[in-house]
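Take a look at the structure below.
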Amino acid sequence: FVFPLLPRPPRPGMRTRLGCLSHKSDSYNDFTAILPDKPNRALNHGLSVICPFLSFRRLSTEEATRWADSFDVLLSHKYGLAAFRAFLKTEFSEENLEFWLACEDFKKTRSAAKLASKAQRIFEEFIDVQAPREVNIDFQTRELTRRNMQEPSLSCFDQAQGKVHSLMEKDSYPRFLRSKIYTDLLSQTQRRLS
């Protein structure tokens with residue numbers, strides 16, 4: 001006789017703590033539901049990948065306010081980048097930022113041997129038609145990038161990266177500045193000062 005495997009009942013409080021991950025959330029406060037009762041460095045580090053606001057305790061109001069100055073200021077700030085990434089995840093469009101970051105990393109490649117393989121990986125992941133994280137670029141840019149792949153160089157993604165940057169700056173960035181994530185984050189930094 002074989003005993004059937006029954007699902008284990010959920011631990012008390014786990015549904016509440018993980019609830020913020022199961023629905024689309026754009027609020028800093030929604031992420032606090034998974035904070036442990038007592039600080040736990042290892043746990044907080046792991047959760048900061050999912051909920052990056054956990055590590056924003058040292059963010060000043062002045063720094064967070066500066067993100068509204070320009071899109072490039074936001075992208076150049078560690079916490080700004082993390083907040084924007086979290087926002088894009090709520091909109092299911094983080095592939096744009098991930099592509100932009102992959103291009104920035106690609107431009108730092110110094111090894112000719114690694115250049116071609118990195119370029120191929122970026123192309124297959126973000127540019128190719130039906131890529132797993134395909135970015136929204138026009139046909140001409142996609143084809144130019146495809147031609148650039150025949151002889152990859154540090155600039156082979158420049159046009160595609162520029163289009164994606166422009167799209168995020170004109171579309172996602174203004175929505176981020178109006179989002180609950182950003183406004184709640186500003187409120188949190190201001191409350192710490194009081």
Check side chain to side chain contact (heavy atoms under 4.5 Å, CB included) between Ser117 and all other residues, then give those that pass, not counting sequence neighbours.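 Expected list: none.
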Mind checking side chain to side chain contact (heavy atoms under 4.5 Å, CB included) for Asn148 and listing every partner two or more places apart, or none if nothing turns up?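 Asn148 satisfies side chain to side chain contact (heavy atoms under 4.5 Å, CB included) with Leu144, Cys156 once adjacent residues are dropped.
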Apply side chain to side chain contact (heavy atoms under 4.5 Å, CB included) to Leu186 and Trp67, showing your working. CA-CA 11 Å; Leu186 279 176; Trp67 300 346; over 6 Å; no
Can you get from [X] to [Y] by hopping between Ile, Leu, Val, Met, Phe, Trp and Tyr side chains that sit under 4.5 Å apart?
X: Leu177; Y: Leu88; value: yes
X: Leu81; Y: Tyr79; value: yes
X: Leu75; Y: Leu167; value: no
X: Val73; Y: Leu185; value: no
X: Tyr173; Y: Leu101; value: yes

Is it the case that the side chains of His165 and Asp72 hold a donor-acceptor pair, with the cut-off being a distance below 3.5 Å and no angle test?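 Yes.
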Distance-only side-chain donor-acceptor flag, Glu104 / Gln161, under 3.5 Å: yes
May I ask you to test the Glu125-Glu95 pair for a side-chain heavy-atom distance under 4.5 Å?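 No, every pair of side-chain atoms sits at 4.5 Å or beyond.
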Counting C-beta onward and ignoring hydrogens, is there a side-chain heavy-atom pair between Arg146 and Val129 closer than 4.5 Å? yes
Going by the rule salt bridge (charged side-chain N to carboxylate O under 4.0 Å, His left out), which residues pair with Lys118 if we only count those two or more places apart in sequence or in a different chain? Asp105
Residue pair [X] / [Y]: nearest heavy atoms and the distance that separates them:
X: Leu97; Y: Met168; result: N-SD, 3.6 Å
X: Val164; Y: Asn96; result: CG1-O, 3.4 Å
X: Thr141; Y: Ala160; result: CG2-CA, 3.6 Å
X: Leu59; Y: Thr189; result: O-CG2, 3.5 Å
X: Pro152; Y: Ala116; result: CG-CA, 4.2 Å

Between the CD1 atom in Ile181 and the OG1 atom in Thr90, the distance rounded to the nearest 0.5 Å is 5.0 Å
Give a yes or no on whether a salt bridge exists between [X] and [Y], defined as a side-chain N under 4.0 angstrom from a carboxylate O.
X: Arg133; Y: Glu124; value: no
X: Asp138; Y: Arg142; value: no
X: Asp158; Y: Lys107; value: yes

Residues which pass side-chain hydrogen bond (donor to acceptor under 3.5 Å, both in side chains) with Lys108, listed by chain and number, not counting sequence neighbours: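 With sequence neighbours excluded, Lys108 shows a side-chain hydrogen bond (donor to acceptor under 3.5 Å, both in side chains) to no residue whatsoever.
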By side-chain hydrogen bond (donor to acceptor under 3.5 Å, both in side chains) - contacts of Arg66 (at least two apart):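 Applying side-chain hydrogen bond (donor to acceptor under 3.5 Å, both in side chains) to Arg66 gives Glu62.
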Is the ring pair Phe84/Phe71 parallel, tilted or perpendicular, if the boundaries are 30 and 60 degrees?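 Perpendicular.
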With under 30° as parallel and over 60° as perpendicular, where do the rings of Phe176 and Tyr182 fit, or are they tilted in between?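 The arrangement is tilted - the two ring planes meet at 30° to 60°.
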Pairs touching residues 116-154 that satisfy ring pair (Phe, Tyr, Trp, His ring centres under 6.0 Å), sequence neighbours left out: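 Found Phe99-Phe126.
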